[in-house]
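One structure is given here, and the rest of the page talks about it.
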2 protein chains.
Amino acid sequence: MAPVAMAVRALLLLAAVGPAAALWPQPQLQRSPPAAARCPLPPARFRFAHAAGSAVGPGCAVLDEAFQRYRALIFAAARPADKLNISRDPLLLYADTVWGALRGLETFSQLVGRDENGMYYVNETEIVDFPRFPHRGLLLDTSRHYLPLKAILETLDVMAYNKLNVFHWHIVDDPSFPYESFTFPELSRQGAFNPMTHVYTASDVQTVIEYARLRGIRVIAEFDTPGHTLSWGPGAPGLLTLCYLGKDPSGTYGPINPIFNTTYQFVTSLFQEISSVFPDYFIHLGGDEVDFTCWKSNPEILAFMKKMGFGEDYTKLESFYIQRLLDIVSSLGKGYMVWQEVFDNGVKVKPDTIIHVWKNNVPYAEEMANVTKAGYRALLSAPWYLNRISYGQDWMAAYQVEPLKFKGSSKQKDLVIGGEACMWGEYVDVTNLTPRLWPRAGAVAERLWSNATVRNLQDAYVRLADFRCELLRRGVQAEPLFVGYCDHEFGGF
Amino acid sequence: MAPVAMAVRALLLLAAVGPAAALWPQPQLQRSPPAAARCPLPPARFRFAHAAGSAVGPGCAVLDEAFQRYRALIFAAARPADKLNISRDPLLLYADTVWGALRGLETFSQLVGRDENGMYYVNETEIVDFPRFPHRGLLLDTSRHYLPLKAILETLDVMAYNKLNVFHWHIVDDPSFPYESFTFPELSRQGAFNPMTHVYTASDVQTVIEYARLRGIRVIAEFDTPGHTLSWGPGAPGLLTLCYLGKDPSGTYGPINPIFNTTYQFVTSLFQEISSVFPDYFIHLGGDEVDFTCWKSNPEILAFMKKMGFGEDYTKLESFYIQRLLDIVSSLGKGYMVWQEVFDNGVKVKPDTIIHVWKNNVPYAEEMANVTKAGYRALLSAPWYLNRISYGQDWMAAYQVEPLKFKGSSKQKDLVIGGEACMWGEYVDVTNLTPRLWPRAGAVAERLWSNATVRNLQDAYVRLADFRCELLRRGVQAEPLFVGYCDHEFGGF
């Protein structure tokens with residue numbers, strides 16, 4: 001019986017064999033004939049295979065492993081195929097890239113239904129699909145609370161179900177430094193919550209990167225400086241600014257000290273390591289929320305400000321640091337993303353820099369307009385801080401965002417590469433991460449994948465509630481949208 | 001080595017053998033000598049035993065099973081005692097009742113620490129303790145979402161850790177009727193989300209009651225009428241009011257129809273069953289949020305209103321129903337709790353009725369004053385709807401509530417029997433119940449247990465964060481209060 005033949009050539013086109021299945025995110029085109037045939041899919045006779053003429057065949061780990069994963073997801077505990085039996089009318093999936101084929105497999109898995117007798121089937125459907133934005137990300141914060149490797153891997157699975165393709169790993173910050181650096185092992189030894197249990201070893205990091213790659217997800221690591229670095233201090237003596245109370249050091253520390261050459265030697269070595277560990281072209285360099293209080297208290301910094309002619313404008317000192325950091329990272333052959341302050345402060349950045357718009361104290365649409373007018377690429381997160389929760393169906397607000405709703409030319413709009421849902425960790429750890437993320441982050445995923453015209457809240461509710469039940473069936477602890485139940489509840493009762 | 005000897009006689013007094021351990025909820029008195037001795041507790045030589053002269057000995061299931069539970073909680077996987085070895089100075093726990101002894105065991109378990117070498121110990125401490133309010137409840141809603149038995153039992157465990165003693169089981173409501181009635185089996189067959197999987201069988205209910213009893217928790221079932229009964233309709237034809245659109249039935253249903261004798265026959269039979277199934281003296285009869293729209297549309301009800309001389313005052317019709325219901329339940333030898341509308345509408349209730357204050361549109365302190373002025377016992381929930389979430393540390397608002405802060409005599413204050421944290425189920429099911437409940441409901445637990453003077457937020461933060469780590473150690477998926485980590489994280493990494 002009908003295996004899904006697969007040819008990796010053109011755009012996603014899934015010709016499956018009723019009524020339209022509910023899909024999340026909504027494809028660009030989904031069409032079923034008026035009298036669509038229902039095609040049974042007996043597990044024992046089903047297999048995925050590469051179509052004749054496919055540019056990719058067996059041996060491509062991304063697809064080979066995806067075939068196994070999706071077979072298990074679709075048929076749960078059903079018996080696998082034991083022999084090849086290609087029907088005359090295989091279900092076809094065409095894709096330009098293996099990544100497109102991966103997305104198509106996810107769509108196919110959502111098309112498969114199960115009738116009252118337990119028989120699997122797909123209804124005849126034609127789907128043409130492609131993402132609206134190329135950058136569809138999710139930020140996890142592993143510094144405010146440590147997230148175990150397993151939680152990160154599970155999140156990557158659910159990202160793939162949502163067709164999200166960028167894992168923004170906000171790996172270190174003020175509270176803890178869980179990244180085990182081989183160049184500076186003292187950073188995590190002194191800076192992790194627990195240097196034995198609450199760290200990411202080199203092997204953990206490799207596991208995350210490869211697990212993500214096999215699911216079509218890029219990993220962009222963020223090492224935020226010069227602020228948000230308090231946890232770096234104990235393992236890197238002399239790196240942070242010593243704060244003063246009057247004429248004496250107060251015993252507390254501020255942002256990275258930007259006036260010493262040793263600082264830039266340290267930064268160069270660290271980012272050399274980061275550049276080689278994380279294969280993605282982009283590194284997120286942070287640059288947000290630099291508090292000047294400590295810098296202002298330090299006499300050496302005051303002298304430096306004077307010498308450099310910065311007056312009392314500490315954004316100039318901040319820019320001085322960031323500029324050197326960007327040059328260092330550029331020289332390592334990497335591109336970079338930065339939080340919007342770097343742009344707001346007028347730091348000179350490379351033309352291919354991605355400006356990450358996050359602030360909510362001014363309308364983010366204005367910032368999107370400004371960033372793109374200046375010719376930079378913009379990434380939107382301001383309305384998608386999903387760590388912020390409120391009572392009721394707050395996924396709707398995230399869903400109703402329109403990233404391109406700002407004043408600007410079509411050339412400006414083209415500079416919007418997408419967005420990221422952010423799950424900051426002040427109040428989130430492994431105990432509540434999954435129900436807080438899913439299905440709420442699905443709202444962002446559909447906004448970034450589907451056509452701009454896909455905005456109907458009632459329709460989205462029905463599909464998202466259905467998709468959430470599918471997440472439960474796949475073992476994901478996703479919270480309910482509203483009153484009701486699923487055929488397969490979490491925990492399998 | 002020192003077993004905890006136990007005499008069930010006086011108030012809780014735990015004389016254990018440093019610095020004061022962080023306890024939740026805070027005991028009425030906790031004292032350690034300036035140079036408190038540290039007493040090691042080697043698991044293999046530790047056992048609980050009844051003290052000579054105790055009114056209760058082996059054979060009391062509540063204590064026998066509690067000894068086993070707390071031994072396992074305290075020592076985790078450590079080897080049990082294999083021989084009796086009573087020291088000359090046993091740790092003593094005195095209690096007036098077995099229930100008090102149970103609370104003392106919980107306190108003792110929180111006193112036990114573990115040093116760097118893995119050795120268990122307690123520091124010399126004297127504790128005198130008793131609850132401020134006798135009714136310390138938690139409401140779970142199993143109608144808007146079904147909660148599997150396991151989730152209810154786990155919640156009972158964590159209630160006991162918090163010294164909460166009343167499980168208010170809001171078992172049925174509009175969306176579903178999961179209670180399997182032996183008198184009216186069609187109610188769940190037609191009214192449950194799924195009559196096979198999403199129901200509480202008689203055995204399930206007995207399991208909940210006994211599990212709760214062994215933990216010192218009463219189970220008060222709520223069968224809310226005449227509103228909140230839409231799910232009763234399909235399994236009880238003729239019970240609900242048929243709504244009209246002009247002259248014709250609209251096909252939709254409203255509250256229970258209060259004008260037919262058959263209604264009261266049904267109600268009598270159902271509450272006969274409920275009275276025998278749930279052994280607690282109290283039943284919660286609901287009585288909240290009765291929508292009059294449907295009653296107003298129904299010509300038979302209009303005729304009845306006229307006949308009874310109710311004019312256009314539908315609260316009189318509501319009261320007519322409630323009065324008969326209360327009389328029925330009284331005749332079954334049961335006491336009842338009702339939501340505040342029953343009192344607000346002037347229904348005549350028995351003197352021992354508990355009025356449950358929940359509304360937030362008017363200051364709840366006024367309602368507490370009014371209820372107690374009328375001589376009724378009051379139970380507070382209005383500020384403790386924990387299903388309502390907001391960003392940040394919202395446990396603090398719950399913690400800062402003072403139930404007795406209303407204008408009234410000391411006699412009135414004496415009528416406040418306590419309160420209940422409520423976790424309504426619109427947005428909560430098994431996927432997010434535990435992290436949403438804990439440790440937030442702990443704030444309510446301490447308010448209801450500890451002295452009124454125990455209100456320091458900083459102190460509470462430290463103890464509650466510590467208690468939450470202990471909950472993780474016990475396997476409870478309790479969410480974090482803020483940035484940080486625990487030695488034993490959830491999932492054991």
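Numbered from 1 within each chain, the chains take letters A, B, ... in sequence-line order.
For A:Tyr427 and B:Phe482, the distance between ring centers is under 6.0 angstrom.
Proximity to chain A is limited to the backbone of B:Leu481, based on heavy atoms less than 4.5 angstrom apart. At a 4.5 Å heavy-atom cutoff, B:Asp487 makes no contact with chain A through either its backbone or its side chain. Residue B:Ala151: no heavy atom, backbone or side chain, is found under 4.5 Å from chain A. Only the side chain of B:His198 comes within contact range of chain A, judged by heavy atoms closer than 4.5 Å. For chain A, the nearby parts of B:Gln393 are the backbone and the side chain; heavy atoms of each come within less than 4.5 Å.
Inter-residue side-chain proximity for A:Ser390 and B:Ile389 is flagged as unmet; no heavy-atom pair is nearer than 4.5 Å. Contact annotation: the side chain of A:Glu489 never approaches that of B:His145 to less than 4.5 Å [non-hydrogen atoms, C-beta and beyond]. Two residues are said to be in side-chain contact when any heavy atoms from C-beta on lie closer than 4.5 Å; A:Thr197 and B:His488 fail this criterion.
Of the N and O atoms on the side chains of A:Tyr485 and B:Asp429, not one donor lies less than 3.5 Å from an acceptor on the other residue.
In this structure, the separation between CZ on A:Phe193 and SG on B:Cys486 is 10.0 Å, given to the nearest 0.5 Å.
Heavy-atom pairs under 4.5 Å with chain A peak, among B:Gly425, B:Gly491, B:Gly392, at B:Gly392. Taking chain A as the reference chain and counting heavy-atom pairs below 4.5 Å, the highest number among B:Asn194, B:Asn387, B:Val428 is found for B:Asn387. The choice from A:Thr434, A:Leu433, A:Val430, A:Asn432 that makes the most heavy-atom pairs within less than 4.5 Å of chain B is A:Asn432.
Remark: of the listed residues A:Pro175, A:Ser176, A:Ser143, A:Pro175 is the sole one forming a side chain to side chain contact (heavy atoms under 4.5 Å, CB included) with B:Val483.
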Handout entry: Residues A:Gln477, B:Gln477; criterion side-chain contact (heavy atoms from CB on, under 4.5 Å); working and verdict
Key = CA-CA 12 Å; A:Gln477 195 173 344; B:Gln477 198 175 343; 3.3 Å; yes
